[in-house]
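Structure record follows, encoded as C-alpha cells.
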Amino acid sequence: MRPPAMPPAPPTPAPVWEIIHGFRRYWALVAALDLGLFEALASGPLDAAALAEAVGVDIHRAGLLADALAAMELLTATPEVPAVGPESQPPPAPAARPTSPASPASADHAAGSGRLVYNLGLVAANYLLAGGQRSMARLVRAAPGPHERWPELAETLRRGAPSARVEDDPGAFYPNLARGTAPVQRVVAAAVARELAAPSGHQALVVDLGAGAAPWALAFLDAWPDARGLAVELPEVVHVTREAVAADPAGDRLDVVAGSFHRVELPQGGADVVVLGHVLRIEPRTAARRLVARAAAALRPGGTLVVADYPRPEVPSPAATTETLMALTILATTGGQGAFRADDLHGWARGAGLVPGPTYTPLPGQIVLTATRPGPGAGPAAAARPVPRPGLRPLGSVYPPSKSRE
Ligand SMILES: C[S@@+](CC[C@H](N)C(=O)[O-])C[C@H]1O[C@@H](n2cnc3c(N)ncnc32)[C@H](O)[C@@H]1O
C-alpha cells in the first residue's frame, strides 16, 4: 500500500527576507555614499581602524557598515595577515595602507574575529566613486524618486496620484536626477552615436529634448565634430544643462533653450537626430504621443528619432525587474502613467510618419529605440545601416563594465 501523499513542503521564506534586505541594502549604500566610504578606499585597501578614521566614524560602527557592504559584494573583506617570522610567512594578503595605530579602546570595540582589511569591489570601483566616468553615486539617491513618496504608495494607488508630483516642482528634484543620470547616459549615448553615421553634405543638427545635463547631445557632438546642437530643458532645471555645456569641450556647439519641449519652437524638418532621453515615461500617454509627433516633425528626411527609456515589458519577469520597477516609480512619484510599451512607441512613431529602426539594449532594462523619417537624402542611420526588422542589439562597449578601476 502506498504511504499517504505528504503535503508539499512550503518554500523557504528567503525571498521575503531578500525583499526586506533590499531596504537595508539601499540605506547602507546611501550611508556609505554620504560618508565618502568608497572614496576612502579609492587609493587602496584599509583596515577597519584606518577606514573608521577616514570616514569619521567609530571603528565598531564603521566595521559593521563595511561588513554589510562586503556582504553586498561592494567591498571585499580579507583577514589581515599578522606579522610573523619569515619561515612561517603565509601568502601575502592585501597590504593595508599604514595609519595611526587604533587606540586600545577602539580595538576592543572592533569585536570578534580579528582584523579585516577592506578593499573596493569591481562594481563599487566602476560605478560608486563620485568622479568616475560611469559614476552612479548621485543616481543612487535620485533613481527611486523623492524617497518620501514610497511609504504612501498604497494611498497613491487608491487615489491615482501621489500627494505631490515631481513635475509640480521640477526644480526640487530634476537637477539631482539629471546630474545623477548623466555619467552613465553619456557612455550609452556615445555608443549609440557610434552606431549612426554622421550625415555628409550639410552641417548636422542634433536636438535633445529634456536634455538634463545633456549627455545625449554632448555625446553626439563629440562623435560628430562638425555638428551643432540644440538642447531644450525646463527653466527650473536649465542651469544643470548650462553647467554641463560649459564644462564640455563640445559645449560651444550646443545652444541651450529654456522652456518646455511641448512649446519651444523646434526647427521644422531641420534636425538629423532628435533625442527623447528618459522623458516619454513621465508624460501621460496623449502628451507622449504628441511629443513624438513634435520630434518627428523636427526631423529632416533621413533623420533619426532616438528614444532612450525603460519601456514596460509585455510580461513581467525577474529578467525585466528594472523596467517593471521603473514603471512603478513613475506611478509612485509623478502624474505619468507608469511607462509605455515598445509597441506604443512604434505606433506613435508610425503615426508620425516614421519608420521604426534598430532597437539597442545598452544596459539591463534600458532600451534605445530608433525611428527614421523616410525620404530622399536618406540620412545617417537608415542609409548606413538598413535593418529589415526591429531587433535588439546589445551595445557591448557599454556593458559589462571594464575589469579595471577607472
Ligand atoms: C530623467 S531626466 C533625463 C535627462 C537626460 N535626457 C538623460 O537621458 O539623462 C528628464 C529630464 O526632462 C526634463 N523635463 C521634464 N519635463 C520637461 C518639459 N516639459 N520640457 C523640457 N524638459 C522637461 C527634466 O527637467 C529632466 O531634466
Side-chain angles (χ1 to χ4, degrees), residues 18-42 51 54-57 61-62 64-76 118-151 153 166 170 172-189 212-213 215 237 240 243-244 277-278 281-282 308-310 321-334 362-366 398-402 405-406:
E18 278 306 303
I19 293 165
I20 297 168
H21 293 336
F23 181 88
R24 297 170 168 147
R25 289 189 183 104
Y26 179 75
W27 289 105
L29 174 54
V30 171
L33 292 167
D34 286 347
L35 291 168
L37 186 143
F38 300 114
E39 273 69 35
L41 292 168
L51 184 60
V55 298
V57 170
R61 296 191 285 262
L64 283 180
L65 177 61
D67 285 359
L69 297 167
M72 290 152 64
E73 299 187 285
L74 296 176
L75 302 184
T76 59
Y118 296 98
N119 200 1
L120 283 185
L122 269 179
V123 169
N126 274 280
Y127 293 107
L128 294 174
L129 292 172
Q133 197 205 352
R134 300 180 182 82
S135 179
M136 296 173 73
R138 278 173 182 268
L139 186 60
V140 168
R141 292 185 193 84
H147 295 165
E148 60 277 19
R149 296 284 77 82
W150 285 97
L153 179 59
V166 161
F173 176 71
Y174 279 137
N176 284 335
L177 180 64
R179 291 190 182 104
T181 56
V184 168
Q185 287 312 303
R186 179 68 184 259
V187 179
V188 169
V237 187
V240 175
E243 236 170 62
H278 310 97
R281 65 169 181 262
I282 39 185
D309 225 306
Y310 298 87
T321 296
T322 303
E323 49 275 52
T324 304
L325 292 184
M326 198 65 90
L328 193 61
T329 304
I330 298 305
L331 209 58
T333 63
T334 76
L363 295 169
Q366 188 190 23
V398 178
Y399 191 83
S402 73
R405 287 163 177 243
E406 294 289 326

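This chain uses plain numbering: 1 for the first residue, then up along the sequence.
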**Listed partners of R149 passing salt bridge (Lys or Arg N to Asp or Glu O under 4.0 Å), at least two apart** =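 E152.
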Between [Y] and [X], is there a side-chain heavy-atom distance shorter than 4.5 Å?
| X | Y | result |
| --- | --- | --- |
| L177 | V166 | no |
| E73 | V123 | no |
| L65 | V57 | no |
| T334 | R281 | no |

State, to 0.1 Å, how close [X] and [Y] come at their nearest heavy-atom pair, and which atoms those are.
| X | Y | answer |
| --- | --- | --- |
| G212 | A178 | CA-CB, 3.6 Å |
| A28 | M72 | CB-SD, 4.3 Å |
| A182 | P215 | O-CB, 3.6 Å |
| G145 | F173 | CA-CZ, 3.5 Å |
| S135 | L129 | OG-O, 2.8 Å |
| P175 | P170 | CD-O, 3.4 Å |

**Request:** Name the orientation class of the two ring planes belonging to H147 and Y26 (parallel below 30°, tilted from 30 to 60°, perpendicular beyond 60°).
**Result:**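 Because their plane-to-plane angle is over 60°, the rings of H147 and Y26 count as perpendicular.
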What distance do [X] atom [atom1] and [Y] atom [atom2] have between them, rounded to the nearest 0.5 Å?
| X | Y | atom1 | atom2 | result |
| --- | --- | --- | --- | --- |
| M326 | D309 | CE | CG | 8.0 Å |
| L41 | L128 | CG | CG | 12.0 Å |
| R179 | Y174 | CZ | OH | 15.5 Å |
| L33 | L29 | CG | CG | 4.5 Å |
| N119 | L75 | CG | CG | 8.0 Å |
| R61 | L35 | CZ | CG | 11.0 Å |

**Asked** Can Q366 and V188 be said to form a side chain to side chain contact (heavy atoms under 4.5 Å, CB included), step by step?
**Response** CA-CA 10 Å; Q366 188 190 23; V188 169; 3.7 Å; yes
**Request:** Start with the C-alpha distance between R25 and E18, add both sets of side-chain angles, then the distance that settles salt bridge (Lys or Arg N to Asp or Glu O under 4.0 Å), and finish with yes or no.
**Result:** CA-CA 10 Å; R25 289 189 183 104; E18 278 306 303; 3.0 Å; yes
**Request:** Output all residues satisfying side chain to side chain contact (heavy atoms under 4.5 Å, CB included) with A327, sequence neighbours left out; order by chain, then residue number.
**Result:**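 Counting only residues at least two positions away or on another chain, A327 forms a side chain to side chain contact (heavy atoms under 4.5 Å, CB included) with A339.
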**Message:** Checking the side chain of T329 only, and the main-chain atoms of L325 only, is there a donor and an acceptor separated by less than 3.5 Å?
**Reply:**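 At least one qualifying donor-acceptor pair exists.
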**Message:** For M136, is the CE atom crowded, meaning more than 12 foreign heavy atoms sit under 6.0 Å from it?
**Reply:**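 No.
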**Asked** Does the pair L328 and L153 meet the rule for a side chain to side chain contact (heavy atoms under 4.5 Å, CB included), with working shown?
**Response** CA-CA 9 Å; L328 193 61; L153 179 59; 4.3 Å; yes
